[in-house]
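Working notes, structure below.
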Amino acid sequence: MNTKTRNTFWEILFWIVLIAGLFMSFGIYAQGSKAVYVGLIAGIMALLFAAVKTAKIMSKSKGNETMSTLSDHIYAGAMAFLKREYKILSFFVIIVASLIAAFISPKTSICFLCGAIFSAIAGYVGMSVSTKSNARTAHAAEKSLNKAFRLAFSGGVVMGMTVVGLGLFGLTLLYIIFKDYEIINGFALGASSIALFARVGGGIFTKAADVGADLVGKVEAGIPEDDYRNPAVIADNVGDNVGDVAGMGADLFESYVGSIIASITLGALCLNLMGAFLPIIISAIGIFASIIAVYFVRTREKGNPMHSLQIGTTSAMVIVLTGSYFFIKSWFPNDMGGNGIFFALLIGIIAGTLIGYLTEYFTSYNFNPVKNIAKSTETGTATTVISGLDVGMLSTFFPMAIISIATIGSFLAIGGMENYTLGVYGISIAAIGMLSTVGMIVAVDAYGPISDNAGGIAQMANLDKEVRERTDRLDSVGNTTAAIGKGFAIGSAALTSLALLCAYATVIDLSDMDILNPFVISGLLFGASLPFLFCSLTMGAVGRAASKMVNEVRRQFKEKPGIMTGECQPDYKKCVDISTKAAILEMLLPGILAIGAPLVVGLGVGALVDKTIGAQALGGMLTGAIATGVCLAIMMANTGGAWDNAKKYIEEGHFGGKGSAQHAASVVGDTIGDPFKDTSGPSLNILIKLMTIVSLVCATLFIA
């Protein structure tokens with residue numbers, strides 16, 4: 001049996017198992033207390049699908065020897081970073097698990113360990129497959145655009161299915177074992193802890209390499225992007241995977257898990273067992289919908305890859321809405337709020353879609369905001385920076401308005417002020433709706449760095465111009481999907497954090513907060529300042545690491561003039577090592593801040609005054625952190641994305657093109673925006689979610 005036949009056999013077998021699993025899930029188990037098994041089966045199906053896709057990718061050729069060697073360098077660098085990062089984090093996880101076991105519950109500690117381990121596995125699998133897909137994508141581009149596109153997307157699918165598979169499988173398995181929604185909160189805490197370090201560490205790694213490669217290679221030495229003569233080029237390609245595959249995957253893994261747990265907690269408190277299990281059912285439908293929608297993603301030689309990805313995403317959403325509608329109506333007739341629950345779900349899906357489109361508008365060079373930034377380069381670097389900040393700040397208003405409307409709409413859809421807890425459950429269902437197709441969202445996002453790496457390998461391996469043009473088309477779409485993914489992650493983080501905050505307030509019976517209470521307003525102001533302190537730490541870390549990278553690249557160019565003539569090879573390993581050491585060292589303090597701040601405020605004020613005031617002060621702190629954190633995250637992510645695409649717009653020949661003064665100004669804007677969009681901005685999502693889940697897990701410590 002040849003490779004193609006074997007892959008076809010396994011894919012057909014998977015579909016037979018999937019159909020059997022669907023009938024088993026929704027025909028037998030989607031009733032009462034057995035409904036939790038639907039999540040277990042869906043999680044297994046997602047992991048099986050990821051395995052089938054991985055086998056199919058690995059059967060493809062990596063191309064010639066040069067392409068294979070470059071891919072191996074990127075893979076080795078990514079795995080070396082991940083192993084060193086996980087080694088450090090293992091000590092942190094063991095310490096925190098011990099404290100949870102001592103002060104909260106040994107069972108919660110076990111869930112925390114499982115959440116951390118599953119999040120780490122998801123990052124490892126996604127990074128491994130993405131770094132093995134890059135050369136294969138470049139080689140496929142030698143044949144056709146569609147083959148390269150589908151292979152890059154398949155690499156993203158593995159990450160997406162691993163995220164949702166491990167997330168839902170882990171949650172449902174732990175619930176089956178412990179049968180207590182309060183205990184499984186620890187799973188979300190473990191996932192959030194790993195996610196923050198993965199996002200911060202990955203962001204520092206990738207931007208240190210990117211800044212060094214751009215400032216010295218493109219601006220000072222005048223060599224193209226992804227030129228093999230640039231000592232930082234391998235570190236830059238490694239960083240794409242470290243930040244945008246492992247980092248984004250961990251980010252949405254913990255959003256996915258956090259939203260489900262918040263909904264389970266609120267559903268159990270305000271409805272019944274069916275209310276608690278409904279989020280699991282919707283998430284399971286989302287997994288099956290994402291698997292089916294994968295087969296809608298394909299393009300022609302002259303087609304638009306972005307259009308194909310949008311068809312896949314839209315198909316998944318339609319399937320989720322259709323399946324969820326009939327299921328909700330069967331569980332919750334109109335007199336039990338079925339229509340309201342469905343509308344809350346619909347509101348979440350619409351809100352996520354609108355935020356994605358807004359992000360595309362403000363960050364894509366197909367629209368005026370980015371074109372205006374590109375035009376501003378004609379008058380220098382200062383106006384480039386000013387216009388970028390202008391776009392970023394403006395782009396914050398509209399998503400925040402959508403999030404506010406979605407919050408109120410989903411609250412009123414079910415309970416409203418007449419039944420506050422039920423209304424809050426509606427907010428959590430909206431978050432579930434936004435994240436129901438996260439398997440497809442992660443797949444689309446992870447496609448970006450794979451196609452980016454493929455373009456870099458095509459450039460470094462001196463492949464035909466036609467191949468580079470194909471990979472450039474894939475990469476240009478990847479820039480937009482990455483920006484949309486970040487916007488989606490921020491929007492989902494906002495709703496998830498609100499749902500977790502409401503769950504915290506419900507668990508400790510915090511029905512209201514007196515905003516005029518000095519402790520509450522002080523907590524709010526303190527919380528509002530935390531995202532700025534966090535960004536200062538992460539931006540400073542990138543600056544310090546980038547300085548070391550710049551000095552190293554300059555040193556190599558100066559001491560080894562043969563690099564520029566091709567007579568000797570740059571020391572790629574040294575640059576990878578600089579980024580790795582900086583990322584590992586600098587990620588610790590932001591992580592400690594996120595975990596420590598809620599405990600300091602809640603327990604500190606509780607000890608000084610009383611526990612009730614301490615719980616209220618903590619609620620104020622979380623409110624302030626969520627408000628400023630979401631705004632700052634949107635502004636930084638969109639500003640950085642707009643600067644990046646303004647540079648690419650100029651590189652396509654507009655406003656002077658490559659090598660012009662305008663191009664140099666755009667590179668400076670892009671360099672400033674890199675840590676905005678890939679380090680500080682995305683990490684804020686996890687900061688606010690981690691602080692709320694810490695508060696929820698430790699709620700018993702704050703109860704009077």
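Starting from 1, each residue takes its place in the sequence as its number.
- Both tests pass for K53 against the ring of Y295: distance under 6.0 Å to the centre and angle within 45° of the axis.
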### Query
Would Y425 and C502 count as a side-chain contact (heavy atoms from CB on, under 4.5 Å) if you check the C-alpha gap in whole Å, the side-chain angles of each, and the deciding distance to 0.1 Å?
CA-CA 9 Å; Y425 179 67; C502 293; over 6 Å; no
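- Residue pairs satisfying the side chain to side chain donor-acceptor pair (under 3.5 Å) criterion with at least one member in residues 107-118, sequence neighbours excluded, are absent.
- The CD1 atom of I693 sits 10.0 Å away from atom SG of C698, with the distance rounded to the nearest 0.5 Å.
- Counting all heavy atoms, side chain and backbone alike, L622 lies closest to S695 at CD1-OG, 3.5 Å.
- Side-chain atoms of S192 do not come within 3.5 Å of backbone N or O of L690 as any donor-acceptor pair.
- Under the side chain to side chain donor-acceptor pair (under 3.5 Å) criterion, no residue pair touches residues 160-169, with sequence neighbours excluded.
- Qualifying side chain to side chain donor-acceptor pair (under 3.5 Å) partners for S497, counting only residues two or more places apart in sequence or in other chains: none.
- Checked against the 6.0 Å centroid threshold, F153 and Y447 do not count as a close aromatic pair.
- Within the structure, side chain to side chain donor-acceptor pair (under 3.5 Å) contacts touching residues 435-444 (residues at least two apart or in different chains) do not occur.
- For S283, there are no side chain to side chain donor-acceptor pair (under 3.5 Å) partners two or more places apart in sequence or in a different chain.
- In plain terms, the two heavy atoms of A344 and G426 that are nearest each other are CB-O, 3.6 Å.
- Residues forming a side chain to side chain donor-acceptor pair (under 3.5 Å) with T496 (at least two apart in sequence, or on another chain): none.
- Contact record, A594 with L687: CB-CD1, 3.5 Å, taken as the closest heavy-atom pair.
- Judged by distance alone, with hydrogens and angles left aside, the side-chain atoms of S410 form a donor-acceptor pair with the main-chain N or O of T407 at under 3.5 Å.
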### Task
Would you sort out whether F277 and Y175 count as a side-chain contact (heavy atoms from CB on, under 4.5 Å), showing the intermediate values?
CA-CA 10 Å; F277 289 159; Y175 187 88; 3.4 Å; yes
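- Listed here is the closest heavy atom pair of I282 and S324: CG2-OG, 4.0 Å.
- Side-chain contact between L530 and M691 is present, with heavy atoms from C-beta onward closer than 4.5 Å.
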### Message
Walk me through whether V294 and F49 qualify under side-chain contact (heavy atoms from CB on, under 4.5 Å).
### Response
CA-CA 11 Å; V294 164; F49 189 60; 4.1 Å; yes
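- In this structure, S119 contributes its side chain and A116 its backbone to no donor-acceptor pair below 3.5 Å.
- Ring geometry for F187 versus F253: interplanar angle of 30 to 60°, hence tilted.
- Counting all heavy atoms, side chain and backbone alike, V320 lies closest to A289 at CG2-CB, 3.6 Å.
- Without hydrogens or angle criteria, S130 side chain to M127 main chain gives a donor-acceptor distance under 3.5 Å.
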